[in-house]
Amino acid sequence: MTTTPAFVPAQLVGRQAVLDTLDGFVRRLEDGVSDIAVVTGPVGSGRSAVLEWAVDRARASGLAVGVARCSPRESQLPYGAITQLLGTLCRPSRIGALASGIGPTSRPTDTVARMCDTLLTLSAGRPVLLAVDDLHLADAHSLRRLVDLIHRARQGAVLAVVTSPVPVRQVLDAAGARPAAPCPVHALRLDALTTAEACRVVEARVSHPMQWPVLTVAGVADWSPAVLAAVADRITTLGRPLDTEAVPQLIAAARTAWSTRALTTLHGLPKNAVALLRATAVGGDQLEPDRLAALAGLDATGFADAVDALRACGLLADTDIPRLRHPWFADDVLAGMTGPELDRLHRRAASPHGQEALRVGTVAELLGDVTSLVRSWTASGLASSSRPRHTADLTTTPLRHSPCEPVTEAERARRLIRLAAAEAVTAPQAADGRLRQVMLRHLSRETWPDVLNAADLLLSRGDAETARWVIADVHQRALAKIPDEELRPLRALGRLAHKEKGGLPLVAPPPIHSDRPGHPAQSAVLAWTLATRGDDRARVLELARTALDEPGSVPFMCRIAAARAQLCADDVPAGLDRLDAVAADARRSDARAAAAQALLSRAEAQIRLGRGEEALRELTAATRALPPASWHSLLAPRLAAAEILALIRCGRVDEARRASERARNRPEGHSVTTGFLLYARAELALIDRDATRALLMLEECGRMLRAKRWRNPMLIPWRSAAAVAHHHLGAPATADDLLVKERDVAECWGTLSAFTALRVRTHEALARNGVEVPWATAQPSQPSQSAQDSLTATPDGTAPEPDPLTPSERDVAALVLAGLANREIARQLGLATRTVELRLTHTYRKLGANGRAALVAHLRAQQEDA
């Protein structure tokens, strides 16, 4: 009995279950039992490697083996796959004898067909393995003949093993090659590797243990062995230990390998799948499924089949709304289209919104001679469109062709950026593609200012995930072309993108540079990083001023980050003024998304100040700069959250509920911005008397913020709202602990008075909308009588000193002074013993006491002084 080959290549790590199944089929074949096996799996999952293992296994057993490896080039040759099978099953002399024995025929294809029949007759009763790799790329003639051959050969012993990323049913339907009678088929699916298996694949090729960079790259590689093997080859060429700076190169290698395999798969997809993939590349996650189907020209059945095929290939993510597995793959998908095809697709993508063209204006004039098709807006068109009114429209064809004119590289890059600005409202996905094109295809010393501008504009759209990958690629390629001083603003944008989306800091400079920024843009991002952590307020203000005093050299998004840091540090007037300046500069540069982000940040600041009407005015200006439908799904949650909270502050709760429902109907990306929307919906849930649901959302909000190390309560006072929910759920001790912890963080940050006012405004807003908040009256915006009583007057009549202890801490301290133990204090106050210990710890720290005895002495001294 033949055994399974002992050697398993690195590409087959994690595939043992599939190999065991195929080994069983080979053993059955030796016993004269026929089977049909289909090996499926997404891009780079190792289908070809598994098939090669099965071929080696069969040959080791002495079986006859026919192998055909299909490719896009041979898919146009009639009987190309069948010819390969014949060539591997028979010696050339035997094929010649078969051909000469058939006699003259009218067509060469008839000769191949008759040779297949003759071969089938000669092979009757002899075990044969027919292996076909990438069946979806086989020509239609071969498919039909192969189905007939396998079906008729079941009278003998034939094992057919084929690979295909596309469901075989769709492959055969497209070629009209369905079998006359149903055949039992064994489907063998190759799933993604586990973390340990991914490390084994790379370690097997580099011959030494691997560290965390492999795990980072594995996500881009979709945990597929073939792509990880390419990454391993890149690690070998580096010839040095891996560190953070090496990750961008590995990311680039993974993306290149994945895209190469994905494009090969794309050539063999059914037409309906290709049409849907292109529609998804243009529409992204901005279009609902029915609009995507209409854009692709598919009915319900064709749309469902296309989604199934693309998901099986791993080209679409497993989401309710079809979207690309990797956003950056959109450029590769659309690159295969001709100019007229792409223009038609863009116009059709815009038509569901009531527009088929872009506006006439300065951009068109700057792009050269434009022959425009101008039409006026009709009243019905205005009523049906949610986008802002423009004086006229024109088709985008002249604008798209303009960058192809013979001009300098820098001028071509600038034209693409202007074109992206023109498309920002009507075709934001296309605009993003223009910006990526500038960054990836027009990188040179001459175009560097334009590349940096494109990176800033891309990040301002809110898609931090895509921006950070592209910035990583550009940074790696620019190391040999651009001086380090000029690379620093790009590093700052890369780090800022990392803060908005998870993962490792791909292009962040070494730690010494992160603490000693060498460029105002880096100072801005460091200020925002420290502000979100609630760390070193004085340095944050210094760094923010350093960045904002040189606005000309700092990208828009870095200036916005510095201004937001000032707001978190309670430098409100300066922060608002700086954001207003950014919005004005962005409008002049036609950077709509940057202007909208600056205005959104102003609205959030007004909400924290309790100015609901002012916040709504800022939001109106933000959506005037960039209509809501054009906001990226990763940024839209912040916009929706600001609208909901502003309406709540204005007492317009019904409108806030409708705004929340509208946000629910829009696609949402998963990023830290989702935390803002969770908090806003939690306030609505508290108003609706659903404390349990509110607490779930607040805890998830807190988890997301902690995961990003966003600890500063000046950003989102989620613990204050969670304390209200706990109070309603009968857990006052937990509520009190949350309030104490939040207050301590604000105190360490240095904005205790500003945060106290923020908390009071939050609780009062909830109380005005019918939520029972026990602290709403105890902490009014103006000092109450109880607050006045808590101040201890000095004998000389100077300004009184505030009591550093909270009321709950004073209660515990009074019982300590009375001689009670912690357990007795807990029983008397209805608290957990751990809560009493926690409050005592805070009390010791605030009063500078080194223990219980020192606390008692301090309290008695205070009594004597009084």
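As the structure is a prediction and not an experimental result, all values here were calculated from the model.
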Got Leu276 and Val307 here, is their nearest side-chain heavy-atom distance under 4.5 Å? yes
Charged N-O contact under 4.0 Å between Arg27 and Asp23: yes
Could you state the interatomic distance from CZ (Arg57) to CG (Leu19), rounded to the nearest 0.5 Å? 11.0 Å
Can you check whether Leu440's main-chain N or O pairs, donor with acceptor, with Arg477's side chain at less than 3.5 Å? yes
Would you call Ser61 and Val26 a side-chain contact if the rule is heavy atoms closer than 4.5 Å? yes
Where the side chain of Asp35 meets the backbone of Leu159, is there a donor-acceptor pair that is under 3.5 Å apart? no
Would the distance check show the side chain of Thr280 and the main-chain N or O of Arg323 forming a donor-acceptor pair, the cut-off being under 3.5 Å? no
Note, Arg189 side chain near Pro42 side chain (heavy atom, < 4.5 Å): yes
All heavy atoms of Ala81 vs all of Ala68, minimum pair found to be O-CB, 3.4 Å
With heavy-atom distances below 4.5 Å as the criterion, would you say the side chains of Cys70 and Val132 are in contact? yes
Could you go through Val55 and Arg59, starting from their C-alpha distance and side-chain angles, then the distance that decides it, and tell me whether this counts as side chain to side chain contact (heavy atoms under 4.5 Å, CB included)? CA-CA 6 Å; Val55 168; Arg59 284 174 174 164; 3.6 Å; yes
Side chain to side chain, Leu458 and Asp463, heavy atoms closer than 4.5 Å: no
Within the side chain of Ser164, is there an N or O that forms a donor-acceptor pair under 3.5 Å with the backbone of Val166? yes
Verify side chain to side chain contact (heavy atoms under 4.5 Å, CB included) between Leu292 and Phe303, making sure each step is shown before the conclusion. CA-CA 9 Å; Leu292 274 177; Phe303 178 78; 4.3 Å; yes
Restricting to side-chain hydrogen bond (donor to acceptor under 3.5 Å, both in side chains), what partner residues turn up for Asp133, sequence neighbours left out? Ser48, Thr163
Gap separating the CG atom of Leu188 from the CZ atom of Phe25, nearest 0.5 angstrom: 5.5 Å
Residue pair Val161 / Val39, side-chain heavy-atom distance below 4.5 Å: yes
Search all heavy atoms of Val65 against all heavy atoms of Ala58 and return the closest pair with its distance. CG2-CB, 3.8 Å
Would you give the length of the straight line joining atom CG of Leu277 to atom CG of Asn272, rounded to the nearest 0.5 angstrom? 11.5 Å
Nearest 0.5 Å, what's the NE2-CG distance between His136 and Leu143? 11.0 Å
Give, for atom CG of Leu269 and atom SG of Cys313, the distance between the pair rounded to the nearest 0.5 Å. 5.0 Å
Taking C-beta and beyond as the side chain, do Leu63 and Glu30 meet within less than 4.5 Å on heavy atoms? yes
Once side-chain hydrogen bond (donor to acceptor under 3.5 Å, both in side chains) is applied, do any residues pair with Glu52, and if so which ones, sequence neighbours excluded? Arg69
Quick one: pull up CD1 in Ile471 and OG1 in Thr466 and give me the separation to the nearest 0.5 Å. 10.5 Å
Between Arg15 (side chain only) and Ser45 (backbone N and O only), is there a donor and an acceptor less than 3.5 Å apart? yes
Main chain of Gly41, side chain of Arg47: is a donor-acceptor contact present, judged purely on distance under 3.5 Å? yes
For Val67 and Leu85, run side chain to side chain contact (heavy atoms under 4.5 Å, CB included): C-alpha distance rounded to whole Å, both residues' side-chain angles, the deciding distance at 0.1 Å, then the answer. CA-CA 5 Å; Val67 181; Leu85 287 175; 5.5 Å; no
How close do Ala281 and Leu324 get, counting heavy atoms only, and between which atoms? CA-CD1, 4.1 Å
